[in-house]
Amino acid sequence: MALSSSAPALAGLRPVLNALPALTRSLVQPASAAATTLFGNVEQAPKDPILGITEKFLADTNPIKMNLGVGAYRDDNGQPVVLDAVREAERRVAGSHFMEYLPIGGLRDFISESVKLAYGDNAAVLAEGQVAAVQSLSGTGSCRLFADFQKRFMPGTKVFIPEPTWSNHFNIWRDAGVEFAKYRYYKPETRGLDIDGFLEDIKRAPAGSVFLLHACAHNPTGVDPTPEQWRQLSAAMLERGHFPLFDMAYQGFASGDCDRDAASIRIFLGDGHRLAVSQSYAKNMGLYGQRVGCLSVVCDNKRDASAVESQLKAIARPMYSNPPLHGALLVTKILQDADLKQLWFKEVKGMADRIISMRSLLRKRLEEAGSPLQWGHITDQIGMFAYSGMSPEMVDALAAKHHIYMTRNGRISMAGVNTKNVGRLAEAMHAVTSGKL
């Protein structure tokens with residue numbers, strides 16, 4: 001009878017009892033996670049600033065839109081280009097190899113040709129076996145391999161990165177857990193190199209720091225040191241015991257001359273530096289999607305080079321196991337065959353010359369449009385990009401009013417400029433720089 005008389009009371013408590021498991025979970029879990037899915041706490045990553053431009057460009061339905069954000073070469077008709085040397089190399093390579101894994105370090109013939117291209121056929125460091133080198137996943141992969149190597153074997157060192165630089169440089173060293181700092185490079189007042197600030201920052205950096213240098217065609221500014229300035233920088237770094245890492249994404253593509261574009265590296269090498277070089281064949285051979293590059297490190301002797309190379313392979317193994325085959329075969333075929341190599345030299349010079357001519361034409365059209373501003377920096381700079389000096393608001397106006405897209409720092413991909421659109425680009429630039437936002 002007692003049990004029976006308590007039944008209504010128990011029935012009243014049943015909702016509270018049923019809620020206890022959920023209440024207990026809410027006490028031990030963050031409130032935001034209590035009612036979410038497994039990955040409900042994962043936020044959307046910020047959009048890549050360059051790829052985000054392409055998204056906006058693709059969403060624009062205006063037929064006269066222009067994409068000057070992405071660093072990929074286009075011909076005078078605005079079309080992607082596959083070099084004749086690459087097509088012939090593809091023809092020769094097709095069906096000639098199995099599809100087996102490459103070794104962790106990559107294709108040995110590819111590596112041998114790459115380091116000769118960087119350091120020179122007769123470089124003493126190559127003859128003495130002082131260079132550790134591995135095939136990499138283009139320039140990004142090379143930089144990331146070195147960043148991880150720095151973390152493990154150069155403990156406590158910072159990497160000094162130019163201000164400005166390619167934005168992904170910061171991501172690479174941050175994700176490798178290496179502390180980075182910026183050094184002065186570009187001087188907005190002159191739209192040229194801040195050589196005094198650069199030298200001062202070299203002297204102030206802790207001895208033995210790593211300095212990331214753009215070998216040629218600095219991205220995004222297109223401002224390169226002169227040979228004499230490179231010698232000044234080399235002497236200053238040598239005095240402080242700094243380690244130079246050259247990111248060379250544009251060899252041949254900057255001036256049209258592979259040796260000239262590697263002059264900075266060879267100046268430092270001649271001065272006795274131990275250094276590293278990141279090479280990419282995306283721009284100069286148009287092998288963007290093949291992800292083919294090389295990382296090399298100049299050491300004191302053959303023993304050290306062997307040890308460093310073994311550790312680079314050890315880093316690569318859990319990261320991507322081994323690099324892809326096809327792009328390496330294409331590069332090797334071009335660099336080993338005298339006729340194909342000469343054809344490539346001719347074609348890469350043709351790409352460089354077209355961009356140089358577009359710089360001259362853009363400056364001319366701006367002046368013809370009546371712009372009172374000085375545009376000499378457009379032709380003084382070199383490589384794929386022109387650092388225009390336009391403000392973010394001006395760039396926004398170019399997109400909103402003229403359907404012209406570029407990064408908000410005013411960087412123009414000159415590869416996207418051609419004889420058919422340069423006039424409209426100049427008129428639009430004149431409009432927004434004249435205060436007609």
Side-chain angles (χ1 to χ4, degrees), residues 72-77 79-100 102 105-127 131 133-136 138-139 142 215-217 248-263 265-266 277-296 323-357 382-384 415:
Y73 184 75
R74 297 292 183 263
D75 65 15
D76 197 51
N77 294 312
Q79 297 302 309
V81 172
V82 178
L83 301 182
D84 290 340
V86 170
R87 285 297 190 210
E88 177 58 22
E90 277 192 313
R91 188 188 68 77
R92 297 185 192 183
V93 163
S96 63
H97 289 73
F98 291 108
M99 303 296 175
E100 299 293 316
L102 281 177
L107 187 66
R108 180 47 57 182
D109 285 348
F110 163 81
I111 295 167
S112 296
E113 294 299 327
S114 293
V115 294
K116 286 191 291 184
L117 191 67
Y119 301 111
D121 289 342
N122 301 314
V125 291
L126 297 179
V131 179
V134 295
Q135 183 183 334
S136 63
S138 203
S142 290
C216 61
M248 185 161 60
Y250 298 96
Q251 187 178 8
F253 196 95
S255 70
D257 183 327
C258 286
D259 289 327
R260 178 179 170 184
D261 290 348
I265 296 168
R266 297 175 192 180
V277 176
S278 162
Q279 291 171 266
S280 167
Y281 292 95
K283 305 294 195 299
N284 59 9
M285 286 194 183
L287 298 175
Y288 305 97
Q290 297 296 340
R291 311 311 295 147
V292 58
C294 181
L295 172 64
S296 55
L325 173 64
H326 187 67
L329 289 174
L330 297 180
V331 174
T332 305
K333 183 64 69 177
I334 291 169
L335 296 182
Q336 284 187 336
D337 184 279
D339 291 337
L340 281 182
K341 192 173 185 179
Q342 288 304 312
L343 176 58
W344 173 59
F345 283 158
K346 178 182 176 182
E347 290 186 290
V348 75
K349 187 177 188 306
M351 290 191 289
D353 286 349
R354 194 189 82 75
I355 287 179
I356 291 169
S357 70
I382 193 169
M384 182 171 281

Determine yes or no for a side-chain-to-main-chain donor-acceptor pair under 3.5 angstrom, with [X] supplying the side chain and [Y] the backbone.
X: Glu347; Y: Asp84; result: yes
X: Ser142; Y: Cys294; result: yes
X: Asn77; Y: Gln79; result: no
X: Arg354; Y: Arg74; result: yes
X: Gln279; Y: Ser114; result: yes

Side-chain heavy atoms of [X] within contact of [Y], under 4.5 Å:
X: Ile355; Y: Tyr73; value: yes
X: Tyr281; Y: Leu117; value: yes
X: His326; Y: Leu330; value: yes
X: Tyr288; Y: Pro80; value: no
X: Phe253; Y: Asp261; value: no
X: Trp344; Y: Leu83; value: yes
X: Ser255; Y: Ile382; value: yes

Where do [X] and [Y] come nearest, in terms of heavy atoms and distance?
X: Ala133; Y: Val115; value: CB-CG1, 3.9 Å
X: Lys283; Y: Met384; value: CD-CE, 3.8 Å
X: Cys216; Y: Ala254; value: SG-CB, 4.2 Å
X: Gly105; Y: Ile111; value: O-CD1, 3.2 Å
X: Leu102; Y: Pro323; value: CD1-O, 3.6 Å
X: Ser280; Y: Gly139; value: CB-N, 3.6 Å

Atom pair [atom1] ([X]) and [atom2] ([Y]), whose distance is rounded to the nearest 0.5 Å:
X: Arg91; Y: Arg87; atom1: CZ; atom2: CZ; value: 13.0 Å
X: Leu325; Y: Thr332; atom1: CG; atom2: OG1; value: 9.0 Å
X: Lys333; Y: Leu340; atom1: NZ; atom2: CG; value: 8.0 Å
X: Glu113; Y: Ile334; atom1: CD; atom2: CD1; value: 11.5 Å
X: Ser112; Y: Leu335; atom1: OG; atom2: CG; value: 11.0 Å
X: Asp121; Y: Asp259; atom1: CG; atom2: CG; value: 8.0 Å

Decide if atom CG of Asn122 counts as having more than 12 heavy atoms of other residues, nucleotides or ligands within a radius under 6.0 Å.
->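 Result for CG/Asn122: open.
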
Gln336 and Asp109: CA distance, side-chain angles, deciding distance, side chain to side chain contact (heavy atoms under 4.5 Å, CB included) verdict = CA-CA 9 Å; Gln336 284 187 336; Asp109 285 348; 3.6 Å; yes

Step by step, would you call Val331 with Gln290 a side chain to side chain contact (heavy atoms under 4.5 Å, CB included)?
-> CA-CA 10 Å; Val331 174; Gln290 297 296 340; over 6 Å; no

